[in-house]
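This report concerns only the one structure given below.
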Amino acid sequence: MFISASAAETEAAGTRLAEKIQGGDVLALVGDLGAGKTQFVKGLAKGLGSKDVVTSPTFTLLHEYQGDRLPIYHFDFYRIESLAALRAIGFDELVFAGGVTVIEWADRFAEAIPSPARWIKFEIVSGDQRRIDLSTFV
Ligand SMILES: Nc1ncnc2c1ncn2[C@@H]1O[C@H](COP(=O)(O)OP(=O)(O)OP(=O)(O)O)[C@@H](O)[C@H]1O
Ligand SMILES: [Mg+2]
């Protein structure tokens, strides 16, 4: 658990975490709007060697980035309306495809998340402070 004092710090935390990521890992991110989930994914993708632009897949539901060793599948469950819709975009196949899957608003369909997933919690403390719980990685 640590307090990030800026968007850049949250991004750097994602970049550092990339060192611990292996193919098949599933990262389930939870936290309110603006809590820093996408910011964290930007850093993570960079740390995995991707030069792709990372934006919230709120409207397209899924973004794919190419890291230097692994593909990254970036989901956002916020706009997904049902488990059926999630299945329709191929979530179950991609999650087991050997890349890195990272999911914003994972708690909206927690039942779809495979059990070895690592849950990461983001909380807005105040202003630019965000509490980030990475305890599933220690
Ligand atoms: N410590 C911090 N960490 C992350 N973002 C911060 C921090 N301080 C301020 N911010 C700002 O908060 C916003 C976080 O946005 P971000 O898109 O990462 O949130 P999110 O959790 O993905 O939200 P959403 O649920 O809408 O997808 C950005 O505008 C960022 O600049
Ligand atoms: Mg987001």
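In each ligand, atom 1 is the first atom listed, and ligand 1 is the first ligand listed. FYI, the numbering just counts along the sequence from 1.
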Proximal candidate to [atom] [heavy atom criterion; set [options]]:
{"atom": "atom 23 (O) of ligand 1", "options": "A13, P57, G34", "answer": "G34"}
{"atom": "atom 12 (O) of ligand 1", "options": "Q39, R79, R130", "answer": "R130"}
{"atom": "atom 19 (O) of ligand 1", "options": "G36, G31, G127", "answer": "G36"}

> Is there any ring pair (Phe, Tyr, Trp, His ring centres under 6.0 Å) pair reaching into residues 111-138, and which pairs are they, with sequence neighbours excluded?
Replying inline: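 Every pair satisfying ring pair (Phe, Tyr, Trp, His ring centres under 6.0 Å) with a residue in residues 111-138: F40-F122.
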> For residues S6 and D128, is any side-chain donor paired with an opposing acceptor at under 3.5 Å?
Replying inline: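 Per modelled atom types, S6 and D128 side chains form no pair under 3.5 Å.
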> Do we see a donor-acceptor contact under 3.5 Å between the side chains of E104 and T38?
Replying inline: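 Present: a donor and an acceptor within the cut-off.
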> Under a 4.0 Å heavy-atom limit, does E9 contact ligand 1 with its side chain, its backbone, both, or neither?
Replying inline: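 Contact part for E9 vs ligand 1: neither.
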> Counting heavy atoms only, which part of W105 comes closer than 4.0 Å to ligand 1: side chain, backbone, both or neither?
Replying inline: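 For W105, the contact with ligand 1 is made by the side chain alone.
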>> By the side-chain hydrogen bond (donor to acceptor under 3.5 Å, both in side chains) test, which pairs, at least two apart or in different chains, include something from residues 105-114?
In response: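 Qualifying pairs: none.
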Proximal atoms of ligand 1 relative to [X] (non-hydrogen, under 4.0 Å):
{"X": "T38", "result": "17 (O), 18 (O), 20 (P), 22 (O), 27 (O)"}
{"X": "S4", "result": "1 (N), 2 (C), 3 (N)"}
{"X": "S6", "result": "1 (N), 2 (C), 3 (N), 7 (C)"}
{"X": "A7", "result": "1 (N), 2 (C), 3 (N), 4 (C), 5 (N), 6 (C), 7 (C), 8 (N), 30 (C), 31 (O)"}

> Is there a side-chain contact between L134 and F2, using heavy atoms and a 4.5 Å cut-off?
Replying inline: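 Heavy-atom side-chain distance check passes, below 4.5 Å.
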>> Between the side chains of R118 and D25, is the shortest nitrogen-to-carboxylate-oxygen separation below 4.0 Å, so that they form an ion pair?
In response: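 Salt bridge between D25 and R118, a charged N being under 4.0 Å from a carboxylate O: no.
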> Between R130 and E9, is there a side-chain N and carboxylate O pair less than 4.0 Å apart?
Replying inline: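 Salt bridge flag = no for E9 with R130.
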> Backbone or side chain, does Q39 get an N/O/S atom under 2.8 Å to the Mg ion (ligand 2)?
Replying inline: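 Within the cut-off used here (under 2.8 Å), Q39 places no N, O or S atom near the Mg ion (ligand 2).
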>> Using heavy atoms and a 4.0 Å limit, tell me yes or no: is V41 in contact with ligand 1?
In response: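 No heavy atom of V41 comes that close to ligand 1.
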